[in-house]
Trainee: 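Pasting in a structure now, in structure tokens, and then I'll have a few things to ask.
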Amino acid sequence: MSKRYKLYEGKAKIMYEGPEPGTIIQYFKDDATAFNNQKHDLIAGKGVINNRISEYLMTKLTEIGVPNHFIRRLNMREQLIHEVEMLPLEVAVRNVVAGSLAKRFGLEESTQLQRSIIEYYYKSDELGDPLISEGHINCFGWATNQEIDDMIILSLRVNDFLVGLFLGVGIRLVDFKLEFGRWHNSNEEVQIVLADEISPDNCRLWDIKTNEKMDKDRFRRDLGGVKEAYQEVARRLGVLTEINNIDLNNHNSLSVQDGLA
Ligand code: C5P
């Protein structure tokens with residue numbers, strides 16, 4: 001395999017220069033981190049599962065017209081994406097009280113919200129990703145008012161679609177986090193598009209009947225069975241059918257199907 005230039009290594013993914021200008025290869029690692037990197041472990045096969053789940057969800061979102069960075073999956077751990085200028089923001093969408101919302105307001109987890117809540121966080125490990133307002137985003141130049149509007153519209157569309165999609169496979173979409181970027185499209189226009197990933201790493205997913213957690217909270221809260229829960233999400237979505245446990249434990253990025261040259 002030819003040597004590739006590493007652009008950036010994050011907690012759960014690595015970005016490599018893509019084969020053509022304007023493309024990037026997104027590699028999914030098995031690393032799991034929480035509480036601003038204070039907790040770290042390797043969950044064998046997590047990257048393979050998240051690559052598949054994110055591919056599936058981004059592809060569905062493309063089909064309903066939600067612009068996103070995904071081009072195609074390359075192999076077990078990698079996908080080809082459009083190069084975008086990432087906004088330093090995390091957009092959380094909440095349908096049910098959980099996590100930091102429950103903590104911040106002393107609320108009971110699992111209460112259904114009257115309407116979905118959108119929150120913004122500034123991406124900064126040093127500052128611990130502080131909660132911010134639209135005023136901060138605009139004033140500090142992280143995004144324009146138009147871009148904020150675009151993110152809100154896209155986030156709510158993604159939420160509506162994913163709530164229904166997960167409900168169809170017996171899963172409650174409690175909340176999730178999205179990231180957005182500026183993409184210079186083929187018409188020389190700059191457009192806000194969905195980026196990063198959508199997987200059990202950045203969604204809260206509860207079994208509709210038992211309320212069992214099927215997401216990263218299993219890791220955060222030491223509940224065990226992290227990989228099994230992620231696998232179950234993938235199984236219900238109908239992805240990963242052809243991959244067995246041996247493949248999941250394999251750290252090699254190449255698949256027989258369409259490895260990189
Ligand atoms: O922790 P909190 O309740 O604010 O998380 C809201 C949602 O955003 C959860 O689904 C969580 O998995 C996701 N999240 C994330 N990355 C972060 C913080 C939260 O994916 N850095």
Side-chain angles (χ1 to χ4, degrees), residues 8-13 26 28-41 43 46-47 49-51 53-54 57-58 68-69 86-113 115-133 136-137 142 151-152 154-156 158-163 165-167 171-181 194-207 211-223 226-227 229-230 233:
Y8 170 77
E9 178 156 3
K11 294 179 198 123
K13 293 187 289 295
Q26 178 165 254
F28 287 75
K29 303 196 286 184
D30 282 342
D31 298 64
T33 62
F35 314 120
N36 207 2
N37 240 350
Q38 286 170 39
K39 188 174 163 79
H40 175 264
D41 207 350
I43 313 285
K46 177 176 82 77
I49 303 172
N50 282 353
N51 186 21
I53 293 177
S54 201
L57 298 176
M58 291 289 188
N68 66 74
H69 72 168
M86 292 300 292
L87 304 184
L89 306 170
E90 296 188 343
V91 180
V93 185
R94 300 178 183 275
N95 301 305
V96 176
V97 175
S100 70
L101 181 72
K103 206 168 162 193
R104 196 177 311 124
F105 296 105
L107 298 171
E108 181 91 32
E109 278 207 320
S110 90
T111 310
Q112 182 74 39
L113 294 165
R115 46 165 284 180
S116 304
I117 294 175
I118 293 186
E119 292 172 345
Y120 309 97
Y121 296 86
Y122 176 55
K123 259 175 90 86
S124 163
D125 285 344
E126 301 83 69
L127 302 174
D129 298 343
L131 179 70
I132 52 170
S133 71
H136 296 111
I137 298 176
W142 296 321
M151 282 191 285
I152 293 172
L154 291 174
S155 299
L156 293 176
V158 171
N159 186 44
D160 283 347
F161 180 72
L162 291 186
V163 164
L165 185 144
F166 278 116
L167 197 60
I171 293 174
R172 194 177 185 195
L173 179 60
V174 170
D175 58 33
F176 58 97
K177 180 264 295 180
L178 299 175
E179 293 188 28
F180 293 91
L194 183 60
D196 195 48
E197 67 174 290
I198 308 177
S199 74
D201 264 7
N202 46 37
C203 300
R204 283 199 173 89
L205 305 166
W206 295 354
D207 181 86
N211 272 344
E212 197 181 340
K213 297 183 197 313
M214 305 174 73
D215 56 65
K216 195 164 146 186
D217 270 352
R218 300 205 71 84
F219 169 72
R220 294 188 189 101
R221 301 181 189 192
D222 291 322
L223 299 174
V226 183
K227 183 171 117 184
Y230 281 44
V233 173

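Remember, it's 1-based here, ligands and their atoms both numbered in the order they're listed. The chain is numbered in sequence order, starting from 1.
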Trainee: Return the closest protein heavy atom for atom 14 (N) of ligand 1 as residue, atom name and distance.
Mentor: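 Here the closest protein heavy atom is Lys177 CB, 3.7 Å.
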Trainee: When you measure from atom 7 (C) of ligand 1 to every protein heavy atom, which one gives the shortest distance, and what is it?
Mentor: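 Protein heavy atom with the smallest distance to atom 7 (C) of ligand 1: Asp175 OD1, 3.5 Å.
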Trainee: Honestly, is Lys39 close enough over Phe219, meaning NZ or CZ under 6.0 Å from the six-membered ring centre and within 45° of the axis?
Mentor: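 Pair Lys39/Phe219 counts as cation-pi.
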Trainee: Hey, is Asp217 one of the residues with a heavy atom under 4.0 angstrom from ligand 1?
Mentor: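 It does not, in that no heavy atom of Asp217 comes within the 4.0 Å cut-off of ligand 1.
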Trainee: Show the atoms of ligand 1 that are less than 4.0 angstrom away from any heavy atom in Gly99.
Mentor: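 So the answer, numbered in order with elements, is 3 (O).
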Trainee: Show which atoms of ligand 1 fall inside a sub-4.0 Å distance from at least one heavy-atom site of Asp201.
Mentor: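 Answer, ordered by atom number: 12 (O), 20 (O).
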Trainee: Considering only NZ, NE, NH1 and NH2 on the basic side and carboxylate oxygens on the acidic side, decide whether Asp215 and Arg204 come within less than 4.0 Å.
Mentor: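 Judged by the 4.0 Å cut-off on N to carboxylate O distance, Asp215 and Arg204 do not form a salt bridge.
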Trainee: So Val158 and Val93, side-chain contact (heavy atoms from CB on, under 4.5 Å) or not? Walk me through it.
Mentor: CA-CA 9 Å; Val158 171; Val93 185; over 6 Å; no
Trainee: Quick one, His69 with Met58, criterion side-chain contact (heavy atoms from CB on, under 4.5 Å). Give me CA distance, side-chain angles, the key distance, then yes/no.
Mentor: CA-CA 8 Å; His69 72 168; Met58 291 289 188; 4.2 Å; yes
Trainee: Measure Arg94 to ligand 1 on non-hydrogen atoms and call it side chain, backbone, both or neither using the 4.0 Å cut-off.
Mentor: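 Only the side chain of Arg94 comes within reach of ligand 1.
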Trainee: Are any of the side-chain heavy atoms of Leu173 and Leu205 separated by less than 4.5 Å?
Mentor: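 Of all side-chain heavy-atom pairs linking Leu205 with Leu173, at least one is under 4.5 Å.
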Trainee: Does Ser199 form a side-chain contact (heavy atoms from CB on, under 4.5 Å) with Phe28? I'd like the steps, not just the answer.
Mentor: CA-CA 11 Å; Ser199 74; Phe28 287 75; 5.8 Å; no
Trainee: With heavy atoms under 4.0 Å as the rule, classify the contact between Glu90 and ligand 1 as side chain, backbone, both or neither.
Mentor: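 It is the side chain that touches ligand 1; the backbone stays farther off.
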Trainee: As an exercise, identify every atom of ligand 1 less than 4.0 angstrom from a heavy atom of Tyr121.
Mentor: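 Numbered from 1, ligand 1 contributes 4 (O).
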Trainee: Which residue and atom name correspond to the protein heavy atom nearest atom 1 (O) of ligand 1, and how close is it?
Mentor: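 Heavy-atom neighbour on the protein nearest atom 1 (O) of ligand 1: Arg204 NH2, 3.7 Å.
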Trainee: Is Asp125 salt-bridged to Lys11, going by a charged N under 4.0 Å from an acidic O?
Mentor: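 Yes, Asp125 and Lys11 are salt-bridged.
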Trainee: Answer yes when Glu109 and Arg221 have at least one side-chain N-carboxylate O distance shorter than 4.0 Å, and no when they do not.
Mentor: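 Looking at Arg221 together with Glu109, the answer is yes, because their closest N to O distance falls below 4.0 Å.
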Trainee: Which residue owns the protein heavy atom closest to atom 4 (O) of ligand 1, what's the atom, and how far is it?
Mentor: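 Atom 4 (O) of ligand 1 sits closest to the protein heavy atom Ser100 OG, 2.5 Å.
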Trainee: With a 4.0 Å cut-off, would you call Glu119 and Lys177 a salt bridge?
Mentor: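 Looking at Glu119 and Lys177, the cut-off is not met.
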Trainee: Have a look at ligand 1 and work out which part of Asp129, if any, has a heavy atom under 4.0 Å from it: side chain, backbone, both or neither.
Mentor: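 Asp129 to ligand 1: side-chain contact only, backbone stays beyond 4.0 Å.
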Trainee: Nearest protein heavy atom to atom 12 (O) of ligand 1, by residue and atom, and its distance?
Mentor: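 For atom 12 (O) of ligand 1, the nearest protein heavy atom is Arg220 NH2, 2.9 Å.
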Trainee: Please indicate, with yes or no, if any protein heavy atom is found under 4.0 Å from atom 19 (C) of ligand 1?
Mentor: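 Under the 4.0 Å cut-off, atom 19 (C) of ligand 1 has no protein heavy-atom neighbours at all.
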